[in-house]
Amino acid sequence: MGVDGAPGGARGGGARLAAAVSKETGTAPPCSADELTGELLVDWSRGRPHGISTLIHLLSAEACGVDGDTLRSHTLHLTRGRWLLCSEYDALSGLLTGMPADARRALVAAAREEVPAAVIDEIEPLALMDHLEELSVPSPALPRLPRLIGAVERLAAAVGGGLAEQLREWTLNCATRLDPFVPQLLRSRRLELEERAARSEDDPTADDRIQIRLSAATGPSRDRTLQAWSRGSAAAQSLATYDTELPETEIHRVVDDLLTRYGRANVTRVEFFLDLTDLELDVHRWEIGAKELYGRPLGNDFPVVVRCAEQRVRSREHLWRQRWKRVENGRTEGLHWLSAGPTTIAAVHGALAERDDAPGVVVRAVGEDRAAAFGASVFNGVPVMIWRGGPETDGIETELASFLEGDALSSLPGKLRRIRAGSAADGQRAGGRLALLWDDPQHPLPPRLDLAAP
């Protein structure tokens, strides 16, 4: 690196550098400034987790016989995912560790929104902060807002108040220090978050979902009719109507085109309204992205859920709405795990009648037993149902329990999208076949257009 020339550089350079390192790391020099060698300087800086990145920054600023641009360009390679300065790390950790519980939950949500393809298991602020720093790549060769800065900006937008001001001051100072292009990206992110907040204030009931009604399949080519709507608020807007049956491959192309034109990756919820006997259709595994760089399963990019399109018994519709009221503030611990093994609609109906307060069910059965569980659950107005596709039973309970561990029910569609994305990236990771019925009575299927084919 050329640090050997730094202590003896310009007059007073060694003393200034020693004072700066001491201030940044919060530690005393190992010797006097005139005795400080390059080797001692590196060893001293390594005493703090972010000491080397701090030293590189200070050397580039002091430029004591060292090319500052060269140092900056090699920072990431030298510090291996630890690019914050000691003072930056200390300032942010002080803000995060002092947050109340609701702000900590907002930090986790912000991290998952910022890095949707990553599996975010950390919930402690400092561990999450370290993980996001490792994922960040502040490099001129790849102009992108560092993940950590992006997540902190999202957190600031979520919490508001004085804490938000302090967080935004931290992100701006950090962005300004990194490179001239980073503050520009930061301003773009702030504009995006401000626009999103403005939309929410203009219409508190605003939603972002695409609803697709598929008829039951007919013939060997699995032909279906299709209707699609978008919902930006309480009203629905028709997007497409195919009343003449299309083969399944053409249905995939139509859905891909609709999402390209009207969907927002990671945000737009895609709801497939299916017949009761079709609920196991693997719509989340349909491929999209045919016109882009690469294809991938639909469920990687969008929170995909299924809903039952069949009309409920009128005398039991109130059960559906009562159960749904418990979803908004409910947690996964409140779900009712249906018994595994041989079962009938009558047996499942009895179990659900005993738990008429349960917001949803977890289905452990497979094959015909699962079909019985589906039928009884829909009849009893269950709005949330989770299962794993396929005929295998090995590991099914472990996989379901891992997905449902300690979460708010309202987070399940987004969480399942992240799990599906992770499973696609790593074929050994469980979760790619998990499916979710998310039958929201507040957003029903718009009236069907029964058009005659010409």
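Keep in mind the model is a prediction, meaning the values are calculated, not measured. All heavy atoms count here, side chains included; hydrogens, waters and symmetry mates do not.
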Taking the side chain as C-beta and beyond, is there a heavy-atom pair between [X] and [Y] under 4.5 Å?
X      : Y      : result
Leu246 : Thr225 : no
Leu186 : Phe181 : no
Val305 : Leu437 : no
Ile386 : Val363 : no
Leu352 : Ser377 : yes
Asp369 : Thr344 : no
Asp440 : Pro383 : no
Val283 : Val304 : yes

Stepwise side-chain hydrogen bond (donor to acceptor under 3.5 Å, both in side chains) check, Glu245 with Thr218: CA-CA 9 Å; Glu245 292 180 337; Thr218 61; 2.9 Å; yes
Arg370: partners by side-chain hydrogen bond (donor to acceptor under 3.5 Å, both in side chains), with sequence neighbours left out: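 Counting only residues at least two positions away or on another chain, Arg370 forms a side-chain hydrogen bond (donor to acceptor under 3.5 Å, both in side chains) with Glu280.
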Qualifying residues under side-chain hydrogen bond (donor to acceptor under 3.5 Å, both in side chains), relative to Asp278, sequence neighbours excluded: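 Counting only residues at least two positions away or on another chain, Asp278 forms a side-chain hydrogen bond (donor to acceptor under 3.5 Å, both in side chains) with Arg224.
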Test salt bridge (Lys or Arg N to Asp or Glu O under 4.0 Å) applied to Arg189 and Glu114, step by step: CA-CA 11 Å; Arg189 173 58 56 82; Glu114 181 67 23; 2.6 Å; yes
Positive for side chain to side chain contact (heavy atoms under 4.5 Å, CB included) with Val362, one of Val384, Leu335, Thr332: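 Among the candidates, only Leu335 passes.
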Just how far is it from atom [atom1] of [X] to atom [atom2] of [Y], taken to the nearest 0.5 Å?
X      : Y      : atom1 : atom2 : result
Glu133 : Met129 : CD    : CE    : 6.5 Å
Ile212 : Leu274 : CD1   : CG    : 10.0 Å
Glu405 : Lys415 : CD    : NZ    : 7.5 Å
Arg154 : Thr171 : CZ    : OG1   : 13.0 Å
Leu145 : Arg190 : CG    : CZ    : 10.0 Å
Glu248 : Arg253 : CD    : CZ    : 14.5 Å

Looking only at non-hydrogen atoms, find the nearest pair between [X] and [Y] and report the distance.
X      : Y      : answer
Pro183 : Ala175 : CD-O, 3.5 Å
Pro303 : Pro413 : CB-O, 3.7 Å
Leu84  : Cys174 : CD2-SG, 3.8 Å
Thr97  : Gly94  : OG1-O, 3.5 Å
Leu276 : Glu310 : N-OE2, 2.9 Å
Ser93  : Leu126 : CB-CD2, 3.3 Å

Please determine if [X] and [Y] form a salt bridge, counting it only when a charged side-chain N lies under 4.0 Å from a carboxylate O.
X      : Y      : answer
Asp275 : Arg213 : yes
Arg187 : Glu153 : no
Arg177 : Glu88  : yes
Arg388 : Glu397 : no
Arg296 : Glu287 : no
Arg321 : Glu317 : yes

Main-chain N/O of Arg420 paired to His284 side chain as donor or acceptor, under 3.5 Å: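 Not confirmed, His284 side chain does not pair with Arg420 backbone.
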Arg323 side chain vs Gly360 backbone, donor-acceptor pair below 3.5 Å: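 Between the backbone of Gly360 and the side chain of Arg323 there is no qualifying donor-acceptor contact (under 3.5 Å).
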Residue pair Leu279, Met385: steps toward the side chain to side chain contact (heavy atoms under 4.5 Å, CB included) verdict: CA-CA 11 Å; Leu279 288 182; Met385 184 162 55; 4.3 Å; yes
Between [Y] and [X], do the side chains contain a donor N or O and an acceptor N or O under 3.5 Å apart?
X      : Y      : value
Gln227 : Ser238 : no
Asp208 : Thr268 : yes
Tyr262 : Asp257 : no
Asn300 : Arg417 : no

Full working for side chain to side chain contact (heavy atoms under 4.5 Å, CB included) between Glu392 and Arg433: CA-CA 11 Å; Glu392 303 90 352; Arg433 291 188 298 168; 2.8 Å; yes
Non-neighbouring partners of Asp256 that pass side chain to side chain contact (heavy atoms under 4.5 Å, CB included), sequence neighbours left out: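 For Asp256 the side chain to side chain contact (heavy atoms under 4.5 Å, CB included) partners, ignoring immediate neighbours, are Thr260, Ile288, Ala290.
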Selection residues 344-397 - residue pairs positive for ring-ring contact (aromatic ring centres under 6.0 Å, His included), sequence neighbours left out: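 Sorted pair list: His349-Phe379, Phe374-Trp387.
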Residue pairs, two or more places apart or on separate chains, that pass ring-ring contact (aromatic ring centres under 6.0 Å, His included) and touch residues 292-328: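 For residues 292-328: Trp324-Trp438.
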With sequence neighbours excluded, residues passing salt bridge (charged side-chain N to carboxylate O under 4.0 Å, His left out) with Arg104: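 Scan of Arg104 (salt bridge (charged side-chain N to carboxylate O under 4.0 Å, His left out), adjacent residues dropped) gives Glu124.
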Candidate pair Leu107 and Val159, rule side chain to side chain contact (heavy atoms under 4.5 Å, CB included), full reasoning: CA-CA 9 Å; Leu107 173 61; Val159 299; over 6 Å; no
Trace of the side chain to side chain contact (heavy atoms under 4.5 Å, CB included) decision for Val306 with Leu436: CA-CA 6 Å; Val306 299; Leu436 177 64; over 6 Å; no
